[in-house]
Amino acid sequence: MNDMNGAKSLLQDLDDAIARGTDESRVKALWHATDILITGRYSENEISTFGEVIGRLADEIEVAARAQLSELMAGCDHAPLNVIAKLALDDEIDVAGPVLRDSNRIDEKMLVESALTKGQSHLLAIAQRKSIGEAVTDVLVKRGDQEVVTSVARNEGARFSGSGLLHMVRRAEGDSILAEQLGLRKDVPRHVFQQLISKASEDVRRRLESERPEMMSQIQSSVTEVTGDLQSKFGPSSRSYFVAKRVVTTQYRQGNLNQDSISNYARQHRFDEVQIGLSLLSSLPVDVIERAMMDRNREMILVLCKALDFSWDTTMSLLFLGAKDHLITARELHDSEREFGRLKIETSRSVLKFYQSRKTAGADAGRQPELQQVH
């Protein structure tokens with residue numbers, strides 16, 4: 001391969017130039033090597049050889065020239081990894097910015113290192129990348145200032161972990177711009193959106209209501225805005241319901257109501273006992289439990305089970321109990337199991353607290369007299 005032989009001898013000449021040259025000749029050598037690298041097609045080993053020379057030259061040049069090198073490397077699909085790392089971790093944002101924002105040769109580990117060790121301007125550059133993984137956004141939402149966090153919330157290519165989203169919701173309290181940007185994201189799960197709305201200002205709530213009506217209507221139907229229209233299958237005033245309520249409440253007061261008893265009730269298709277038991281364990285109204293059980297969107301029951309630290313087996317028995325004719329397709333079951341595995345206990349408990357606060361508000365307005373007797 002004549003190209004590479006020529007490149008090798010050129011690199012040898014460059015090495016000599018570094019050793020003996022002036023500042024001016026080193027800069028000239030840098031652009032020459034960079035130009036050959038960008039216009040040629042080389043293997044990773046050959047690129048690595050270029051990287052050694054370009055990296056050594058980069059150590060010798062001024063900030064303005066390093067910034068120019070960063071612009072070139074950011075757009076190069078085969079930029080040497082050591083050069084990218086060197087530029088990404090440069091303290092000068094003019095140098096680090098282009099590769100942090102645009103290079104597809106920079107890996108997640110490098111981005112995390114920069115996000116953990118550098119200043120806010122570096123974090124802002126990372127927040128503007130075309131795509132950002134969860135490990136990186138976790139750092140951005142914890143270390144970033146308001147501009148960084150708002151930027152990453154606005155970035156459609158950013159992906160958030162459950163704990164990252166929870167952290168964003170906390171930061172959105174009292175920050176209407178962040179709250180709105182977060183509420184507009186299509187990947188925010190319903191339970192996180194509910195939490196956001198519960199803490200948002202009236203202005204933000206109104207704007208999100210007009211911009212995301214589908215989410216707002218889901219919340220209205222799943223929280224206790226309307227009571228009595230979806231009562232127990234057998235009706236809350238029926239004899240069997242009150243017998244179940246007395247038995248389960250006694251069991252609860254004696255400290256014997258737990259995951260095993262809920263699981264047993266579910267397997268015996270004892271719907272009243274299950275919903276009364278879950279109501280007691282979660283401090284939620286019975287009708288909220290019933291909505292969660294009967295809702296075709298299984299998200300709330302998964303969150304509830306995760307918050308109560310139930311096993312997947314118990315959760316599955318509750319899903320079957322609430323399903324139409326107690327039937328669930330294998331695909332639906334697999335999707336639910338995957339979603340359940342992704343949920344975090346801390347996040348789920350935070351959602352539960354939101355529901356409990358809605359219950360308290362409802363009770364204060366006299367909407368839950370029957371539940372207050374249970375508790």
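For the numbers below, each heavy atom of this structure counts, side chains included, while hydrogens, waters and symmetry mates do not. Just so you know, these numbers come straight off a predicted model, no measurement behind them.
- With sequence neighbours excluded, the residues forming a side-chain contact (heavy atoms from CB on, under 4.5 Å) with R205 are I197, E202, M216, listed by chain and number.
- Proximity of a side-chain donor or acceptor of R159 to a complementary backbone N or O of S131 within less than 3.5 Å is not detected.
- Heavy-atom contacts from other residues, nucleotides or ligands closer than 6.0 Å to CD of E147 number 12 or fewer.
- The only option from E290, R270, K245 that meets the side chain to side chain contact (heavy atoms under 4.5 Å, CB included) definition with Q275 turns out to be E290.
- Q120 contributes a side-chain N or O that, together with a main-chain N or O of D145, makes up a donor-acceptor pair within less than 3.5 Å.
- Listed by chain and residue number, V303, K306, A307, L343 satisfy the side-chain contact (heavy atoms from CB on, under 4.5 Å) test with S348 (two or more places apart in sequence, or in another chain).
- Judged purely by distance below 3.5 Å, without hydrogens or angles, the side chains of Q146 and D175 pair a donor atom with an acceptor atom.
- Residues forming a side-chain contact (heavy atoms from CB on, under 4.5 Å) with A200 (at least two apart in sequence, or on another chain): V204.
- Side chains of E346 and S163: a donor-acceptor N/O pair is absent below 3.5 angstrom, by distance only.
- Placement of L72 and L87 within a single hydrophobic cluster is found when ILVMFWY residues are connected by side-chain heavy-atom separations under 4.5 Å, directly or transitively.
- Neither I177 nor V149 shares a network with the other; the hydrophobic side chains, linked directly or stepwise wherever heavy atoms of I, L, V, M, F, W or Y lie under 4.5 Å apart, form separate groups for each.
- Taking the salt bridge (Lys or Arg N to Asp or Glu O under 4.0 Å) definition, one finds that R206 meets it with D203, sequence neighbours left out.
- Looking at every heavy atom in both residues, A115 comes nearest to L123 through O-CD1, 3.4 Å.
- With respect to R207 and E180, a salt bridge is recorded, a charged nitrogen being found less than 4.0 Å from a carboxylate O.
- A donor-acceptor pair is defined here as one N or O able to donate and one able to accept, closer than 3.5 Å; such a pair exists between the side chain of N155 and the backbone of A127.
- Hydrophobic clustering keeps L81 apart from L100 (ILVMFWY residues linked when any side-chain heavy atoms are closer than 4.5 Å, directly or through intermediates).
- Residues L321 and V274 have side chains in contact (heavy-atom distance under 4.5 Å, counting atoms from C-beta outward).
- L166 and V188 end up in different hydrophobic clusters when Ile, Leu, Val, Met, Phe, Trp and Tyr side chains are linked at under 4.5 Å.
- Looking at R154, its side chain never comes within 3.5 Å of a backbone N or O of Q181 through a donor-acceptor pair.
- Minimum interatomic distance between L124 and V148 (heavy atoms only, all atoms of both residues): N-CG2, 3.7 Å.
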Exercise. Going through the checks in order, is the side chain to side chain contact (heavy atoms under 4.5 Å, CB included) test met by F320 and L333?
Worked result: CA-CA 9 Å; F320 275 109; L333 200 58; 4.1 Å; yes
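- Using a 4.5 Å heavy-atom threshold, the side chains of E92 and R66 count as touching.
- Judged purely by atom type and a 3.5 angstrom limit, R170 has no side-chain atom pairing as donor or acceptor with the backbone of L165.
- Between D260 and the options L257, N258, N256, a side chain to side chain contact (heavy atoms under 4.5 Å, CB included) holds for only N258.
- Within the structure, salt bridge (charged side-chain N to carboxylate O under 4.0 Å, His left out) pairs that include any residue of residues 108-120 comprise D91-K118 (at least two apart or interchain).
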Exercise. What do the steps show when you test F193 against V169 for side chain to side chain contact (heavy atoms under 4.5 Å, CB included), and what is the final call?
Worked result: CA-CA 9 Å; F193 190 85; V169 170; over 6 Å; no
For this session: Before giving the answer on side chain to side chain contact (heavy atoms under 4.5 Å, CB included), spell out for D90 and V99 the whole-Å C-alpha distance, their side-chain angles and the decisive distance to 0.1 Å.
Result: CA-CA 10 Å; D90 199 295; V99 293; over 6 Å; no
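- Residues F160 and I345 do not share a hydrophobic cluster, defined by chaining ILVMFWY side chains whose heavy atoms lie under 4.5 Å apart.
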For this session: Decide side chain to side chain donor-acceptor pair (under 3.5 Å) for T314 and S317; before the verdict, give the C-alpha distance in whole Å, the side-chain angles of both, and the deciding distance to 0.1 Å.
Result: CA-CA 5 Å; T314 301; S317 65; 5.4 Å; no
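- In terms of modelled atom types and a separation under 3.5 Å, the side chain of S114 and the main chain of L111 share no donor-acceptor contact.
- The shortest distance between side-chain heavy atoms of R129 and I132 falls below 4.5 Å.
- Taking both residues in full, the closest heavy atoms of C76 and R105 are given as O-CG, 3.8 Å, listed atom of the first, atom of the second, then distance.
- Using a 4.5 Å cut-off on side-chain heavy atoms (C-beta onward), L302 and E299 make no contact.
- The backbone N or O of R246 sits nowhere less than 3.5 Å from a side-chain atom of T249 that would complete a donor-acceptor pair.
- Applying the ring pair (Phe, Tyr, Trp, His ring centres under 6.0 Å) rule to F310 yields no partners; only residues at least two apart in sequence or on another chain are considered.
- The two residues C305 and F340 have their closest heavy-atom pair at CB-CE1, 3.9 Å.
- Of all non-hydrogen atoms in M168 and V152, the two that sit nearest each other are CE-CG1, 4.1 Å.
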For this session: Might you work through the side chain to side chain contact (heavy atoms under 4.5 Å, CB included) test for L208 and E211, ending with a clear yes or no?
Result: CA-CA 5 Å; L208 288 176; E211 287 159 355; 4.2 Å; yes
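- When the shell of 6.0 Å around NE2 of H269 is examined, it contains more than 12 heavy atoms from other residues, nucleotides or ligands.
- Across all their heavy atoms, V141 and H167 have their closest contact at O-CD2, 3.3 Å.
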